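Report on the structure given below.
Please read all numbers here as calculations on a predicted model, not as lab measurements. To find a chain, count down the sequence lines: A is the first, B the second, and so on, and within it residues start at 1.
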Protein chains: 2
Amino acid sequence: MQNILFDFISRYVDLNEDEKNALIELDIFKSFKKGTVLLEQGQKSSDGYFVLEGCLRTYYVIDGEEKTTAFYTELEGITPHCVLTKEPSEYYVTCVEDCILSVANPDMEVEIFTKFPKFEKMCMVLSEELLVKQQIDFDAFKTSSPEQRYLNLLEKRPDLIQRVPQHQLASFLGITPQSLSRLRARLQKKR
Amino acid sequence: MQNILFDFISRYVDLNEDEKNALIELDIFKSFKKGTVLLEQGQKSSDGYFVLEGCLRTYYVIDGEEKTTAFYTELEGITPHCVLTKEPSEYYVTCVEDCILSVANPDMEVEIFTKFPKFEKMCMVLSEELLVKQQIDFDAFKTSSPEQRYLNLLEKRPDLIQRVPQHQLASFLGITPQSLSRLRARLQKKR
DNA sequence: TTCATTTCTTAACTTAAGTTAACTTCTTAC
DNA sequence: GTAAGAAGTTAACTTAAGTTAAGAAATGAA
């Protein structure tokens with residue numbers, strides 16, 4: 001299981017055996033059952049997650065309705081805002097599927113960054129990449145209609161459409177489940 | 001003019017006179033006329049901008065239509081994607097107003113980071129803050145209607161509504177200029 | 001397996017956004 | 001100051017999303 005993580009890291013920095021062992025000793029690999037709530041609205045936390053296997057979902061509860069805003073799948077990481085702001089979380093984080101995650105908190109980061117500064121460099125590159133990716137996603141969302149967003153999702157993350165319930169996808173696309181259902185029927189008819 | 005920048009920086013790190021002088025010597029303060037195009041779609045660039053005075057706008061041209069995706073005002077910075085990806089830019093960057101900007105490229109960053117490592121730390125904190133802010137903005141956009149987005153903008157960035165043309169605000173809100181006009185008329189009637 | 005719950009779909013109706021076009025108002029360059 | 005172009009508003013019409021509700025399908029727990 002570590003290998004998935006090491007392969008990912010090796011895209012950014014080379015690890016020697018010492019470094020690999022240091023990571024393993026942190027004992028950061030954890031399994032979670034589908035449906036597990038990792039973080040609740042209103043709760044404080046200092047844990048970040050990196051997905052080795054499975055799928056995480058973030059959602060708000062607004063007027064009693066779940067509003068899904070993001071999914072995180074293999075090789076994607078999430079640092080909830082509340083980890084950075086130290087305020088209670090505005091949203092939930094849950095497992096859409098059974099998950100294997102690497103869980104880390106800032107203390108562990110400090111420890112590993114001190115021992116192996118190259119990890120800090122890697123994190124900088126990662127967060128830079130993330131910022132670009134997110135801005136582009138936001139731009140694409142703003143400049144497209146719900147139908148275009150759905151088609152774009154089909155193209156860019158077809159796996160999500162298979163593994164995630166429709167009503168969660170719907171709010172991720174910024175529409176209601178009924179609208180998504182209709183939209184799909186409309187597209188089906190077209191072809 | 002430097003003082004605006006120094007005051008901003010002092011929120012994050014303390015600067016001594018040497019460091020201030022080093023910054024001034026980089027000669028990064030530039031003035032631009034309203035309407036100036038700083039970056040064109042399809043063009044490569046390595047310049048990032050920090051707004052000391054004025055307002056920048058990023059927009060795509062899709063099917064011959066301008067789609068505005070972001071505004072940057074006092075004390076906000078923008079590093080166009082193409083600076084990081086080294087690919088031609090997907091969007092334009094222009095001055096909505098006369099601007100005083102601090103312009104920096106990666107070479108200058110390397111130079112200043114080498115001399116004064118504390119700047120690197122500051123940039124990490126800044127980009128972390130930015131990532132959080134952007135994620136929250138995206139979440140708010142996804143989970144609201146055009147009307148709610150407009151009301152939210154009125155509350156959070158009332159200055160933008162004054163200083164930016166409506167048709168640019170409209171696509172920033174993800175709607176057409178006509179819809180924004182109607183939406184405003186609708187709200188006016190309500191009160 | 002069965003029963004309860006959740007999810008998905010469909011439909012009818014309401015509301016608002018997109019589109020096209022005409023007209024007014026505002027800018028700005030000459 | 002005037003004329004040309006850009007920006008903003010309004011209206012009529014089209015399209016699609018929100019809402020409410022009902023029923024079908026799928027899921028999961030006992």
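- One atom, CZ of A/Arg149, and another, C1' of D/dA17, lie 11 Å apart when rounded to the nearest Å.
- In this structure, A/Leu173 places its CG atom 13 Å from P of C/dC8, rounding to the nearest Å.
- Residues B/Leu131 and A/Leu84 have side chains not in contact (no heavy-atom distance under 4.5 Å, counting atoms from C-beta outward).
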Please set out all donor-acceptor pairs under 3.5 angstrom arising from side-chain atoms of residues 112-126 of chain A, sequence neighbours excluded.
| unit_1 | atom_1 | unit_2 | atom_2 | d |
| --- | --- | --- | --- | --- |
| A/Thr114 | OG1 | A/Val110 | O | 2.5 |
| A/Lys118 | NZ | A/Asp14 | O | 2.7 |
| A/Lys118 | NZ | A/Glu19 | OE1 | 3.2 |
| A/Lys118 | NZ | A/Glu19 | OE2 | 3.2 |

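- Listed by chain and number, the residues in a ring pair (Phe, Tyr, Trp, His ring centres under 6.0 Å) with A/His167 amount to none (sequence neighbours excluded).
- Straight-line distance from the NZ atom of B/Lys142 to the C1' atom of D/dG18: 19 Å, rounded to whole Å.
- Between A/Glu147 atom CD and D/dT15 atom P the separation is 13 Å, expressed in whole Å.
- Residue B/Val96 comes nearest to B/Lys34 through the heavy atom pair O-CG, 3.4 Å, listed as atom of the first residue, atom of the second, then distance.
- Computed from coordinates, the B/Leu183 CG to C/dA17 C1' distance equals 10 Å when rounded to whole Å.
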Give me the distances for all protein-to-nucleotides 6-11 of chain D N/O pairs that come in under 3.5 Å?
| unit_1 | atom_1 | unit_2 | atom_2 | d |
| --- | --- | --- | --- | --- |
| D/dG8 | OP1 | B/Gln166 | N | 2.8 |
| D/dG8 | OP2 | B/Gln166 | N | 3.4 |
| D/dG8 | OP2 | B/His167 | N | 2.9 |
| D/dG8 | OP2 | B/His167 | ND1 | 2.8 |
| D/dT9 | OP2 | B/Ser181 | OG | 2.8 |
| D/dT9 | O5' | B/Ser181 | OG | 3.1 |

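- Between B/Thr176 and C/dA17 there is no side-chain N or O to OP1 or OP2 distance below 4.0 Å.
- For the OP1/OP2 pair of D/dA17 and a distance below 4.0 Å, the side-chain nitrogens and oxygens of A/Arg186 include at least one atom meeting the criterion.
- As rounded to whole Å, 16 Å separates atom C1' of C/dC8 from atom CD1 of A/Ile161.
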Please tabulate, for side-chain N and O atoms in residues 49-63 of chain B, each donor-acceptor pair with protein atoms closer than 3.5 Å (sequence neighbours left out).
| unit_1 | atom_1 | unit_2 | atom_2 | d |
| --- | --- | --- | --- | --- |
| B/Arg57 | NE | B/Gln168 | OE1 | 3.4 |
| B/Arg57 | NH1 | B/Glu66 | OE1 | 3.0 |
| B/Arg57 | NH1 | B/Thr68 | OG1 | 2.8 |
| B/Arg57 | NH2 | B/Glu66 | OE1 | 3.1 |
| B/Thr58 | OG1 | B/Thr69 | OG1 | 3.1 |
| B/Thr58 | OG1 | B/Ala70 | N | 3.3 |
| B/Tyr60 | OH | A/Asp139 | OD2 | 2.6 |

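- Inter-residue side-chain proximity for B/Thr176 and B/Leu180 is flagged as unmet; no heavy-atom pair is nearer than 4.5 Å.
- For the pair A/Glu65 CD and D/dG18 C1', the computed distance is 11 Å after rounding to whole Å.
- Contact of the B/Phe32 side chain with the B/Leu101 side chain is registered, since non-hydrogen atoms from C-beta on lie closer than 4.5 Å.
- Judged as a side-chain contact (heavy atoms from CB on, under 4.5 Å), and not counting sequence neighbours, the contacts of B/Ile161 are B/Tyr150, B/Leu153, B/Leu154, B/Leu169, B/Arg184.
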Mind listing the N/O atom pairs, protein and nucleotides 23-28 of chain D, below 3.5 Å?
| unit_1 | atom_1 | unit_2 | atom_2 | d |
| --- | --- | --- | --- | --- |
| D/dG28 | OP1 | A/Lys34 | NZ | 3.3 |

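- Taking atom OH of B/Tyr150 as the reference point, atom P of C/dA16 lies 16 Å away to the nearest angstrom.
- The minimum heavy-atom distance linking A/Glu129 with A/Tyr12 is given by the pair OE1-OH, 2.9 Å.
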